[in-house]
Each structure stands twice: as C-alpha cells, then as structure tokens.
Amino acid sequence: HVVDLAKGHTAALLRLQQGSGCVTYNLGTGVGYSVLDMVRAFSAACGHDLPYEIAPRRPGDVAVVYSDASLAAAELGWKAELG
C-alpha cells in the first residue's frame with residue numbers, strides 16, 4: 001500500500017539523518033503475488049474483467065520474486081501494515 005511505502009521511506013530518511021550511510025531496505029510484505037493475482041486485483045478495482053493471455057514462461061524469467069523486509073523491521077522499526 002502506498003501509505004506503507006511512504007512510512008517506510010520516511011523511516012529510512014530519518015535513519016539516514018542519523019549517519020547510517022547508504023543502506024538498501026526492502027519495503028514489502030514478504031508475500032509474493034503472481035501476475036494473475038494482479039490482473040484479478042485490477043479487474044476487481046475497475047469493476048470489469050480485463051483481457052489477458054496465459055503464455056509459457058520466457059527464458060530467463062524467474063518463477064518467484066518477493067522481498068525480505070526483515071532488515072527494515074530490525075533497523076527502521078518498519079513493517080507493512082496496510083498490505
């Protein structure tokens with residue numbers, strides 16, 4: 001959720017002011033979502049079905065991607081609250 005991201009960025013900026021240097025924090029829920037999950041969410045949000053095709057994975061496409069936000073939790077006290 002955009003509010004979660006705004007709070008995470010604010011926490012990172014406050015940490016930067018403390019002289020922490022350049023640190024990369026993942027801001028996420030730790031839960032992965034498929035492209036089909038996203039299509040269904042967009043369809044629900046706009047109130048009608050969106051057209052799509054299911055095709056084979058392309059060479060180099062990864063099966064799963066999601067972030068580990070444990071460093072943000074440990075160093076920034078940040079955790080996604082709204083999704």
Side-chain angles (χ1 to χ4, degrees):
H1 194 275
V2 67
V3 173
D4 284 332
L5 292 175
K7 288 180 178 181
H9 283 86
T10 300
L13 288 170
L14 292 172
R15 175 77 175 195
L16 185 61
Q17 288 178 336
Q18 297 171 357
S20 63
C22 184
V23 180
T24 300
Y25 297 103
N26 288 319
L27 301 178
T29 62
V31 177
Y33 295 94
S34 71
V35 173
L36 189 53
D37 290 334
M38 298 304 296
V39 169
R40 289 178 177 150
F42 288 132
S43 292
C46 71
H48 60 85
D49 290 337
L50 299 174
Y52 63 90
E53 289 182 33
I54 296 179
R57 188 176 297 137
R58 301 166 299 183
D61 283 350
V62 295
V64 178
V65 177
Y66 55 94
S67 66
D68 175 4
S70 61
L71 185 63
E75 293 191 2
L76 304 177
W78 179 88
K79 181 181 175 189
E81 297 172 353
L82 302 173

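Throughout, residue positions are numbered sequentially from 1 according to the sequence presented. In this text the structure is predicted, and so the values were computed from the model without any measurement.
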**Report entry** Distance (rounded to the nearest 0.5 Å) between E75 CD and S70 OG
**Finding:** 9.5 Å
**Report entry** Which atom of A80 lies closest to which atom of G28, heavy atoms considered
**Finding:** CB-O, 4.0 Å
Query raised in the report: Which atom pair, heavy atoms only, marks the closest approach of D4 to L82?
Result: OD2-N, 2.9 Å
Requested in this report: Would you name the heavy atoms of Y33 and T29 that are closest together and state the gap between them?
Outcome: CE1-OG1, 4.3 Å
**Report entry** Connected via hydrophobic side-chain network under 4.5 Å: V35 and V64
**Finding:** no
Query raised in the report: Hey, what else clusters with Y25 if you join Ile, Leu, Val, Met, Phe, Trp, Tyr whenever side-chain heavy atoms sit under 4.5 Å?
Result: L5, V23, L27, L71, L76, W78
**Report entry** Hydrophobic cluster membership, V62 vs Y66, 4.5 Å side-chain cutoff
**Finding:** no
Requested in this report: Measure the spacing between CG of D49 and CZ of R40 and express it to the nearest 0.5 Å.
Outcome: 10.5 Å
